[in-house]
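Read through the structure below, which is laid out as structure tokens, and then see the notes.
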Amino acid sequence: MTTPTIESLLLAMADDELVLGHRNAEWTGHSPILEEDIAFSNIAQDEIGHALIWYTAYEKLAGRSPDQMAFERPWNEFTCARFVTYPKGDFAYTVVRQFFFDVAEEVRLRSFLASSSEVLRSSAAKILKEEAYHRLHTQGLVERLGDATEESRRRMQAGVTAAYAQALGLFEALPDEAVLVAGGVMTPNIELARSWIEAVAPVLRSVSLTPPVALTADAGGRRKKHLPDLEQLVTDLQSVYRLVPGGAW
Amino acid sequence: MSEQDEKEHLAEFEARIARGEKVEPGDWMPEEYRHNLIRMIGQHAHSEIVGQLPEGKWIPFAPGFRRKLTLIAKVQDEAGHGQLLYRAAETLGATRQEMIEELLAGKAKYSNVFNYPTPTWADVGVIGWLVDTAAVVNQSMLAQGSYGPYARAMRRICYEEAFHIKQGYDAVVALAKGTPEQRAMAQDAVNRWWYPTLMMSGPPDKISEHTERAMRWRIKTKTNDQVRQEFVDLIVPQIRALGLDVPDAECAPDKATGHYQFTRPDWNELKRVVNGDGPCNAERIAARRKAHDDGRWVREALAAKSGQSTKTAPLLA
């Protein structure tokens, strides 16, 4: 069973994955150590690959190809969370953001295993296998960098302080969420957010990192209220492709 | 070790090489052999690391999912090759940290070809196709070399480079079959990369300082000029088959030898570029230095966490 509104959910997830994958690949050739250069290039490919899975599912329903959606759509039509659009920052911010994203993915995808939508169930099972490795890697980095030296602690704490409220923006309600929840397609985002908070807390605590106390989720992305960072990113992403619109590259 | 012992060791060493045996890390080897290999493998590793930059620049702009994914994978492979090669050099007593510091201080050389700019998307295709074909011709030769760890690394790298060539060629085919603008973009890139790629095999045999000794010890198994000729013979028909031009009016098959004749590149340019004065040397080293400096706290933190100082943890260099 599919509901007529699953497209918006698919696009939100696809846009998140594409944009974060794009950001991660900004480390390719510029990482602190070769091993992380390889790791983040790998994570970037996985995330972009996941975007492709969701865009392909979207294509089956809406008829527009992944390349059309990613490379021809205006930036202000993207529905990714603002969280994934911010510049890559220092390596601490990148690590924290990726860890937060990995946990969010895990929480969301697990909830899909019981979805009424077959495409969500089967895609989630597939993606969860790769996500397990991401989480292993990024959680390991959080645990090793979180309290290693004074500088690493300071940077990682700054990363947590900046990224925490942004990450909660991943759980901004979709405009048509009520219908999706009623149809058994998805768990309400507010519940997923709660699971996410519970999942990241012990990891942060284990290395004495603390989430900010007063915070408001950095929402807006799902309603296409974006910041100039996304405009720049999408302009770059599409710049060569648009030289010959509809052309073969 | 007495002079007599040294002579006997050397005779046995050279006899082993003549029999086609591989030299392994614990084996006796002349200091000169060790130094030569560290220099060569180090330069090769640096070339992979610096070589990430000219193409990596295009990752954000790659047109379409397929190109974006394959380009990230390709540049990631270069990092992997660098890692493998630093490892091979470490078996000879060098450390990754020392080698990287030499690179960042501008003391180590690396391939000339990564010091040229990549102003258009077509450069990604042409580097993958032309430059990686030249690299594979050279590395297939090095895979026959006498030092076991380097030869084995070369075999594995050649295997992956074959995919890189396919990735580059495929991107150029799309341009060659595309609009007049795309075609012009491909031709322009071939024109710009032709001579730098010819220079990759190194200076001509008659002025190459390392070739003779390297051949005797099978550090190399072919001369620079042989490798260059092999590349030209391989690539010219491919370029012309796509309807693109080789930017050299002299480039034609020699009926007597069966080899393509071609105009020699400007060897002074090669010398300048390899010695640090190419169009992008400063930019490349600055980018590497920035990554290294920005990442220092990460390396220090990882070392602190594993209870080692960064000095004794070459893997974290």
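Convention: sequence-line order gives letters A, B, ...; per-chain numbering from 1.
- Scanning for ring-ring contact (aromatic ring centres under 6.0 Å, His included) contacts around A/Tyr93 gives an empty result, with sequence neighbours left out.
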Going through the distances and angles, do B/Val298 and A/Arg155 end up as a side-chain contact (heavy atoms from CB on, under 4.5 Å)?
-> CA-CA 10 Å; B/Val298 178; A/Arg155 286 177 180 269; over 6 Å; no

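- Both the backbone and the side chain of B/Trp297 come within contact range of chain A, each with at least one heavy atom under 4.5 Å from a heavy atom of that chain.
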Audit row: A/Glu35, B/Gln83, side-chain contact (heavy atoms from CB on, under 4.5 Å) steps and yes/no = CA-CA 8 Å; A/Glu35 285 68 16; B/Gln83 189 189 29; 2.9 Å; yes

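- Residues of residues 162-177 of chain B lying under 4.5 angstrom from chain A, judged on non-hydrogen atoms, are B/Ala174, B/Leu175 by number.
- In terms of heavy-atom pairs under 4.5 Å with chain B, the best-connected choice from A/Glu151, A/His22, A/Glu26 is A/His22.
- The candidate from A/Leu141, A/Ile48, A/Thr235, A/Leu18 with the greatest count of non-hydrogen atom pairs under 4.5 Å with chain B is A/Ile48.
- Using a cut-off of 4.0 Å between Lys/Arg side-chain N and Asp/Glu carboxylate O, B/Arg66 and A/Asp67 are scored as not salt-bridged.
- For A/Ser239, the part lying near chain B is the side chain, with the backbone staying farther off; criterion is any non-hydrogen pair under 4.5 Å.
- For A/Arg64, the CZ atom is densely surrounded, since the number of other residues' heavy atoms within 6.0 Å is greater than 12.
- Listed here is the closest heavy atom pair of B/Arg299 and A/Pro32: NH1-O, 3.0 Å.
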Take B/Phe61 and A/Tyr241 through the test ring pair (Phe, Tyr, Trp, His ring centres under 6.0 Å) and record every step on the way to the result.
-> CA-CA 8 Å; B/Phe61 313 103; A/Tyr241 189 95; over 10 Å; no

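- Surrounding CD of A/Glu150 are at most 12 heavy atoms belonging to other residues, nucleotides or ligands under 6.0 Å away.
- Residue B/Gln182 touches chain A through its side chain alone, counting heavy-atom pairs closer than 4.5 Å.
- Side chains of A/Asp37 and B/Gln52: a donor-acceptor N/O pair is present below 3.5 angstrom, by distance only.
- Contacts between B/Ile72 and chain A at a heavy-atom distance below 4.5 Å involve backbone atoms as well as side-chain atoms.
- Nearest heavy-atom pair, B/Ala301 versus A/Ser152, reported as atom, atom and distance to 0.1 Å: CB-CB, 3.6 Å.
- For B/Lys68, the part lying under 4.5 angstrom from a heavy atom of chain A is the side chain only.
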